[in-house]
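The structure appears right after this line, and notes come after that.
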Amino acid sequence: MYNSQVAGLFDEIADMLSLDERKDRKFEVLAYRKAAMTISSLQEDVGDIYRKKGMYGLMELPGVGKGISGAIREFIETGRMRKYEDLKKRYPIDFKNLTRIRGLGSKRAFRLYKELRIKSIDDLKRALAKHRIKELPGFGAKSESELSKGMETLELSRNRMALGLALPEAELLVNRLKGSGLVDRVAIAGSTRRMKETVGDLDILVTSSHNEKVMDFISRLNEVQGVTLKGPTKITVRLKIGLSCDVRVVDDASFGAALQYFTGNKDHNVKVRQIAVKKGYKLNEYGLFDRKNRNLAGPDEESVYKKLGMDIMDPEMREDRGEVELSLQHRLPRLVSLGDIRGDLHVHTNHSDGANTIIEMAEAAKKIGREYIGITDHTKSEYVAGGMDDKKFVKHLHEIDYANDKLDGIRILKSAEIDILKDGSLDLQDKTLDMMDYRLASIHTNLNMQKEEMTRRVVKAMESGYVDILAHPTDRIINVRNPINMDLDRVFQAAADSKVVLEIDGYPERLDLNDENIIKARGYKAKFSIDTDSHRDSHYMLMKYGISTAKRGWVTPDLVVNALPLDKLMKQFRK
DNA sequence: GCCGTTTTCGGCCCGACTGTTTTCAGTCG
């Protein structure tokens, strides 16, 4: 994997170039930063892209042109980057680690080097211990203590948190603010609102006429560990769960513009603001202003887009993946939403590792308006999860028949989450599989196989004719376990050829397929099933994560099998 | 260095907060 290395080098090049006084360098710095950002957030390895599509493939990446793609190629082929090495001779400083300290950028790091020969974190530690920082011009006692503090929290603060942990915390804070009586409107913004699978910090927006009281209220919340910075319109706090949280107070008349602005992402915003500039307007977090400085945007977000001649799009789309251009042409796709979902095709019961009975799960699903669910308990290889063998499964499937007889208003489909074994065979006999309405299969063991072997294993299972849905295809657990090593192009091609539906598992620690892989799979005309992987009745509420992940992959309702009515769904599953 | 509904040159988003300053540079998002 070259991505993190290459992105790191580009960031350091940007740091070093920013020390050059010449004004025209400013934009070169920006270019390297943008390229670093693009590459670090890439799912596919730049090495793979280069091997598959060459320089042309690299130059398709946003912010990567002739110069930067050449540097990437040089690094992949030789393990070195001349531009970086030349700059490093002039600036032998560990910018990469030093600038991770909050409040320390490249310029101040360079000053520390010039004055005190500080090159590394260890050098800085020693200088801090001797209290030499506060004597420097431009630094003071406060800088010294802030650097000390910044170094302590270095490791904790930069880890992005899984959405499934961050969103509930954001919602809790929103509820606290609503209950305070100090605010009128409250909204979550930032990457949490875009439902990105991990978030770096929380952004919350409020309207209030009591700015100071709001700031005090926040800084005293039980969830808050300490205050990083505090001004009249903005406060940044460290939360006990290990996230940073920004809360901004704006006027009601600015709320729409602020929500647009702070939802981002950055590239999306830059493009929208460029459109504003072209129309002779200025767009910032306070509004959309014409030449006479009149605010044209209303208190809602839609008016900002509308005045720019654009259609508003779901926050999940705002990643600068072409949505700005389509919006200007009024050609945005209608994405799948919660209301399209008729059933849930990945549900566990207490017959394997779930908490509730078949009937309880069915009744809970009926209560939230599902027309059908598929019971997908584990097979015998998953013995830790109470997986069942063929004999037990036959009995289990009869119990589903019994539950269907007993219940009205919802149909329970007979299925299983079948283990794909090491050799690509399935963990139940064909005659058992024949008794089911459809079959969902996934990998749970032997996750460390080589790419070719793993790819053949999964493709073989899909081509068996006994797999209708491939569940959580990459098997990654966010921040815990990497995706399995397989050639997704071949897997998606096989899915299309064998008419196997790909799952978008909405369980928050999975979100699998994720947005980028969904986009890739759409290229192969794959179909999707958006499921919760529920292990208890309350888990049905996790569907929103699956829906948002699908939206981030631009999934339209016609691609979603569980948006189909039951009779059409059963035609999809042909056996 | 990148990029194109100002298109192969000449632009490149914009504001808040902080610390150390007498008016602003640096950092961050």
Side-chain angles (χ1 to χ4, degrees), chain A residues 10 13-15 17-21 23-38 58-72 83 98-112 133-134 136-147 150 157-158 189-191 199-203 211 215 227-236 244-250 254 257-258 260-289 308-309 320 324-325 328-329:
Chain A
F10 286 161
I13 288 175
D15 284 332
L17 287 175
S18 71
L19 300 172
D20 199 319
E21 291 301 312
K23 282 281 177 285
D24 56 342
R25 275 286 160 98
K26 204 168 78 182
F27 298 106
E28 206 180 329
V29 172
L30 275 176
Y32 276 101
R33 292 246 188 260
K34 185 177 160 78
M37 185 76 88
T38 300
L58 295 176
M59 285 174 67
E60 280 182 336
L61 301 171
V64 176
K66 234 169 146 184
I68 284 181
S69 59
I72 298 173
K83 173 138 189 154
L98 284 169
T99 58
R100 287 173 64 197
I101 297 167
R102 197 186 169 84
L104 189 62
S106 58
K107 296 207 172 74
R108 281 172 21 119
F110 183 50
R111 291 264 310 284
L112 291 174
I133 307 287
K134 65 179 175 194
L136 296 178
F139 289 82
K142 186 82 189 191
S143 293
E144 192 170 284
S145 71
E146 285 300 311
L147 286 176
S157 59
R158 288 292 165 117
S191 51
V199 304
D201 61 10
L202 300 180
D203 282 292
N211 290 33
M215 300 306 178
V227 177
T228 308
L229 53 89
K230 189 166 149 183
T233 65
K234 173 184 169 178
I235 182 171
T236 301
S244 176
C245 174
D246 287 355
V247 182
R248 291 177 170 83
V249 187
V250 297
S254 296
Q260 193 283 324
Y261 184 93
F262 289 114
T263 297
N265 74 356
K266 197 171 172 175
D267 290 335
H268 173 93
N269 282 352
V270 168
K271 276 213 177 142
V272 173
R273 260 169 279 156
Q274 282 168 345
I275 291 164
V277 170
K278 275 173 203 153
K279 290 189 182 289
Y281 302 145
K282 187 181 73 166
L283 179 62
N284 57 29
E285 60 263 57
Y286 300 109
L288 179 66
F289 300 95
L308 294 174
D320 189 29
V324 173
E325 293 76 4
L328 278 167
Q329 298 162 15

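In this text, all values refer to a predicted model and were calculated from it rather than measured experimentally. Every heavy atom of this structure was used, including side-chain atoms; hydrogens, water molecules and symmetry mates were not. Throughout, protein chains are lettered first and strands after them, A, B, ... in sequence-line order, and every chain is numbered starting at 1.
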Regarding Phe139(A), tell me which of base, sugar-phosphate or nothing describes its non-hydrogen contacts under 4.0 Å with the strands shown. sugar-phosphate
With sugar-phosphate meaning primed atoms plus P, OP1 and OP2, does Val29(A) contact a base, only sugar-phosphate, or nothing at under 4.0 Å between heavy atoms? nothing
For Glu325(A), enumerate each residue passing the side-chain hydrogen bond (donor to acceptor under 3.5 Å, both in side chains) test, keeping only those at least two apart in sequence or located in another chain. Lys271(A)
With rounding to the closest Å, how many angstrom separate the P atoms on dT22(B) and dC17(B)? 22 Å
Using atom P in both nucleotides, what's the gap between dT23(B) and dC28(B) to the nearest angstrom? 25 Å
Atom CD of Glu146(A) to atom P of dG19(B): distance rounded to whole Å? 6 Å
Rounded to whole Å, the NZ-P distance (Lys34(A) to dG11(B)) equals 20 Å
Protein-nucleotide distance (Glu60(A), atom CD; dC2(B), atom P), rounded to Å: 15 Å
So, applying side chain to side chain contact (heavy atoms under 4.5 Å, CB included) with Thr236(A), which one of Asp201(A), Val227(A), Val247(A), Leu229(A) is it? Leu229(A)
What nucleotide among dT27(B), dG15(B), dC12(B) has an atom nearest to a side-chain atom of Phe27(A)? dC12(B)
Ranking Lys278(A) and Lys83(A) by the position along DNA chain B of their nearest nucleotide, the one closer to 5' is Lys83(A)
If each of Thr233(A) and Ala31(A) is mapped to the nucleotide of DNA chain B with the nearest heavy atom, which maps nearer the 5' terminus, i.e. the 5' end? Ala31(A)
Would you say dT20(B) has OP1 or OP2 under 4.0 Å from some side-chain N or O of Ser143(A)? yes
Taking the P atom in each of dC12(B) and dG19(B), what is the distance between them to the nearest angstrom? 32 Å
Could you identify the nucleotide paired to dT8(B), looking across every strand shown and requiring Watson-Crick or G-U wobble geometry with both distances under 3.5 Å? none
Separation of dT27(B) C1' from Leu98(A) CG (nearest whole Å): 15 Å
Whole-Å distance, Asp20(A) CG to dG1(B) C1', equals 14 Å
Answer with base, sugar-phosphate or nothing: what part of the nucleic acid does Lys266(A) contact at a heavy-atom distance below 4.0 Å? base
When you check the phosphate oxygens OP1 and OP2 of dG15(B), does a side-chain N or O of Lys282(A) lie under 4.0 Å from one of them? yes
Asp203(A) side chain reached by Arg248(A) side chain, heavy atoms, under 4.5 Å: yes
Lys26(A) NZ to dG26(B) P, straight-line distance once rounded to whole Å: 12 Å
Send over the distance from Met37(A) CE to dG29(B) C1', rounded to a whole Å. 9 Å
Inter-nucleotide P distance (dA16(B), dT21(B)), Å rounded: 24 Å
With distance as the sole test, does Asp15(A) use its side chain to make a donor-acceptor pair with the main-chain N or O of Ser106(A) at under 3.5 Å? no
Taking only side-chain nitrogens and oxygens of Tyr286(A), does any of them come within less than 4.0 Å of OP1 or OP2 of dA16(B)? yes
What is the distance, to the nearest angstrom, from the NZ atom on Lys234(A) to the C1' atom on dG15(B)? 9 Å
What pair of heavy atoms forms the shortest contact from Thr99(A) to Gly105(A), and how long is it? CG2-C, 3.8 Å
Counting only side-chain nitrogens and oxygens, does Lys142(A) get under 4.0 Å of the OP1 or OP2 atom of dG19(B)? yes
Using atom types as modelled, flag every donor-acceptor pair under 3.5 Å from a side chain in residues 138-145 of chain A to any protein atom, sequence neighbours excluded.
{"unit_1": "Glu144(A)", "atom_1": "OE1", "unit_2": "Ile133(A)", "atom_2": "N", "d": "3.3"}
{"unit_1": "Glu144(A)", "atom_1": "OE1", "unit_2": "Lys134(A)", "atom_2": "N", "d": "2.9"}
{"unit_1": "Glu144(A)", "atom_1": "OE2", "unit_2": "His131(A)", "atom_2": "ND1", "d": "2.5"}
{"unit_1": "Ser145(A)", "atom_1": "OG", "unit_2": "Lys142(A)", "atom_2": "O", "d": "3.1"}

Nearest to the Ile68(A) side chain among dG1(B), dG15(B), dG29(B), which nucleotide is it? dG1(B)
To the side chain of Glu28(A), which of dG1(B), dC12(B), dC17(B) is closest? dG1(B)
With P as the reference atom in both, quote the distance from dC14(B) to dT20(B) in angstrom, rounded to an integer. 30 Å
When you compare dG10(B) with dG15(B), how far apart are their P atoms, in angstrom units rounded to a whole number? 26 Å
Quick check on dC17(B): is either OP1 or OP2 less than 4.0 Å from any side-chain nitrogen or oxygen of Arg248(A)? no
What's the shortest heavy-atom distance between Ala35(A) and Val64(A), and which atoms? CB-CG2, 4.5 Å
Scan Ala258(A) against the nucleic acid and name what it touches under 4.0 Å (heavy atoms): base, sugar-phosphate only, or nothing. nothing
Counting only side-chain nitrogens and oxygens, does Asn284(A) get under 4.0 Å of the OP1 or OP2 atom of dC14(B)? no
